[in-house]
Amino acid sequence: MLERIRASITALPPAEQRVAKLVLADARSFASLPVGELAERAHVSKPTVVRFCRSVGYDGLADFKRKLAGSVNEGVPFVHRAVDEDDKPADIIVKVIDNAVSALLKYRNMAAGNAFERAITALVEAGRSGRRIEFYGVGNSGVVAQDAQLKFFRLGVNTIACSDGHVQVMSATMLKPGDCAVLISNSGRSRDLLDAAEIARKKGATMIFITTSGSPLAQFAQGNHQVLLAADHREDAERYSPMVSRLLHLTVIDILTTAVALRLGPALRPVLQEIKRNLRSKRYADTA
């Protein structure tokens with residue numbers, strides 16, 4: 001959570017930057033002090049404190065302080081230690097799993113409910129109106145995009161996944177207002193995705209970014225039709241294929257899928273039940 005604020009501080013207005021610096025200077029105190037004292041310490045107005053909380057993706061001051069308190073007080077019981085060359089399999093199991101669990105718990109504390117609300121609303125509106133929902137990712141993120149498409153098409157929405165840069169450009173060119181493009185990237189620096197984002201923005205499509213705070217791709221999330229779902233986790237991508245960040249991105253997709261399915265309502269359930277029956281019949285036929 002603090003890493004996200006640190007990465008976003010330069011994009012904030014000067015008054016909100018002062019609030020951000022107050023958080024970074026003493027997060028524990030910020031989580032416990034009343035809004036009046038926070039405003040006085042930051043030399044800003046009370047509404048500015050609330051605006052800052054919303055600017056960094058939270059519902060308001062209460063939501064921000066609750067998540068901040070969880071981040072600085074609760075802590076994470078699993079600490080990742082670097083894997084050593086002489087580690088035994090049992091050691092590797094513990095270290096790798098602890099690293100993943102630690103990242104997921106940290107994300108639980110820092111996930112911005114307001115940003116998720118905006119993303120879910122856009123996806124639901126697109127699904128109900130028959131608009132396009134497209135998932136873009138390259139490399140490892142292309143696998144996440146495919147997983148998202150497999151989950152969303154079961155909801156009866158018009159969805160595809162693109163992992164080829166040329167196809168992404170062509171697909172983004174055909175987007176229209178009301179369509180949604182979900183761009184997934186661990187680094188947030190993929191040239192292909194940056195090109196697709198620029199085209200989608202010009203077309204007036206809603207864009208949802210699942211990427212690292214402060215990255216070039218995250219910088220696109222500035223307008224009313226852009227949403228940043230930041231997933232920050234440092235990985236040595238030069239030595240290892242990013243894994244934990246992919247788990248975080250898959251988790252974000254699961255959250256979006258679950259929330260959209262719930263909001264699409266009871267009309268969706270007969271379709272899901274029919275899919276389940278047909279799949280069961282196919283499995284029985286294949287093993288007969």
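In this text the structure is predicted, and so the values were computed from the model without any measurement.
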Original post:
Under 4.5 Å between side-chain heavy atoms, hopping through other hydrophobics if needed: is there a path connecting Leu194 to Val169?
Top reply: no
Original post:
For Arg154, does the CZ atom sit with more than 12 other heavy atoms under 6.0 Å from it, leaving out its own atoms?
Top reply: no
Original post:
Do Ile93 and Val101 sit in the same hydrophobic cluster, where Ile, Leu, Val, Met, Phe, Trp and Tyr count as joined when their side-chain heavy atoms come under 4.5 Å apart?
Top reply: yes
**OP:** Indicate the atoms forming the closest heavy-atom contact of Ala112 with Gly57, along with that distance.
**Re:** CB-O, 2.7 Å
Subject >> Val124-Val227 co-clustered via ILVMFWY side chain contacts under 4.5 Å >> reply: yes
Original post:
Is there a side chain to side chain donor-acceptor pair (under 3.5 Å) between Thr48 and Arg51 once you walk through the steps?
Top reply: CA-CA 5 Å; Thr48 298; Arg51 281 196 299 271; 2.8 Å; yes
Original post:
With distance as the sole test, does Arg118 use its side chain to make a donor-acceptor pair with the main-chain N or O of Ile208 at under 3.5 Å?
Top reply: no
Subject >> Glu125 and Thr121 side chains, donor-acceptor separation under 3.5 Å >> reply: no
Original post:
Going only through I, L, V, M, F, W and Y residues with side-chain contacts under 4.5 Å, is there a path from Phe116 to Val144?
Top reply: yes
Original post:
What's the shortest heavy-atom distance between Pro216 and Gly188, and which atoms?
Top reply: CD-O, 3.4 Å
**OP:** Nearest 0.5 Å please: distance from the CZ atom of Phe153 over to the OG1 atom of Thr159.
**Re:** 9.5 Å
Original post:
Going by heavy atoms in the side chains, are Phe220 and Leu183 under 4.5 Å from each other?
Top reply: no
Original post:
Which heavy-atom pair separates Ala231 from Tyr107 by the least distance, and what is that distance?
Top reply: CA-CE1, 4.0 Å
Original post:
Got Ile5 and Phe52 here, is their nearest side-chain heavy-atom distance under 4.5 Å?
Top reply: yes
Original post:
Counting distance only, does the side-chain N/O of Arg131 pair as donor-acceptor with the main-chain N or O of Leu123 below 3.5 Å?
Top reply: no
Subject >> Asp179 side-chain N/O to Ala205 backbone N/O, donor-acceptor pair under 3.5 Å >> reply: no
**OP:** Answer yes or no: are there more than 12 heavy-atom neighbours, outside Arg263 itself, under 6.0 Å from its atom CZ?
**Re:** yes
Original post:
Val49 versus Lys46: any side-chain heavy-atom pair under 4.5 Å?
Top reply: no
**OP:** Sort out for me which residue in Ser213, Ser215, Ser245 forms a side chain to side chain donor-acceptor pair (under 3.5 Å) with Asp232.
**Re:** Ser213
Subject >> Main-chain N/O of Ser187 paired with Thr212 side-chain donor or acceptor, under 3.5 Å >> reply: no
Original post:
Looking only at atom types and distance, does a side-chain atom of Lys21 sit under 3.5 Å from a main-chain N or O of Ala42, one as donor and one as acceptor?
Top reply: no
Subject >> Phe64 vs Val50, side-chain contact (heavy atoms from CB on, under 4.5 Å): CA-CA, chis, key distance, verdict >> reply: CA-CA 9 Å; Phe64 180 85; Val50 178; over 6 Å; no
**OP:** Return the minimal non-hydrogen interatomic distance between Val44 and Ala15, and the atom names on each side.
**Re:** CG1-O, 3.5 Å
Subject >> Least distance between heavy atoms, Val244 atom then Ala100 atom >> reply: CG2-CA, 4.2 Å
Original post:
Going from CD on Glu198 to CE on Met207, what distance comes out if it is rounded to the nearest 0.5 angstrom?
Top reply: 8.0 Å
**OP:** Could you check Asn186 against Asn140 for side-chain contact (heavy atoms from CB on, under 4.5 Å), going step by step and ending with a plain yes or no?
**Re:** CA-CA 9 Å; Asn186 178 43; Asn140 289 316; over 6 Å; no
Subject >> Under 3.5 Å donor-acceptor, Arg246 side chain and Val143 backbone >> reply: no
Original post:
Mind checking whether Phe135 and Phe152 have parallel, tilted or perpendicular rings, split at 30° and 60°?
Top reply: tilted
Original post:
Do the charged groups of Lys176 and Glu134 touch, with an N to O distance under 4.0 Å?
Top reply: no
**OP:** Determine yes or no for a side-chain-to-main-chain donor-acceptor pair under 3.5 angstrom, with Tyr136 supplying the side chain and Gly165 the backbone.
**Re:** no
Subject >> Same apolar cluster (I L V M F W Y, side chains within < 4.5 Å links), Leu264/Val182 >> reply: yes
Original post:
Roughly how far, to the nearest 0.5 Å, is the CG atom of Leu38 from the CG atom of Leu33?
Top reply: 5.0 Å
Original post:
Does Asp147 have any salt bridge (Lys or Arg N to Asp or Glu O under 4.0 Å) partners at least two apart in sequence or in another chain, and if so, which?
Top reply: Lys151
**OP:** Would you please test Leu2 and Leu68 for side-chain contact (heavy atoms from CB on, under 4.5 Å) and show each step?
**Re:** CA-CA 8 Å; Leu2 296 178; Leu68 183 64; 4.0 Å; yes
Original post:
Which heavy-atom pair separates Thr173 from Lys203 by the least distance, and what is that distance?
Top reply: O-CE, 3.0 Å
Subject >> Gln168 CD to Asp195 CG distance, which is reported to the nearest 0.5 Å >> reply: 9.5 Å
Original post:
Between CZ of Arg201 and CD of Gln222, what distance do you get to the nearest 0.5 Å?
Top reply: 9.0 Å
Original post:
Just how far is it from atom CG of Leu22 to atom NE2 of His43, taken to the nearest 0.5 Å?
Top reply: 9.5 Å
When the side chains of residues 247-261 are checked against the rest of the protein, which donor-acceptor pairs come out under 3.5 Å, sequence neighbours left out?
unit_1	atom_1	unit_2	atom_2	d
Thr251	OG1	Leu247	O	2.8
Thr257	OG1	Ile253	O	2.7
Thr258	OG1	Asp254	O	2.8

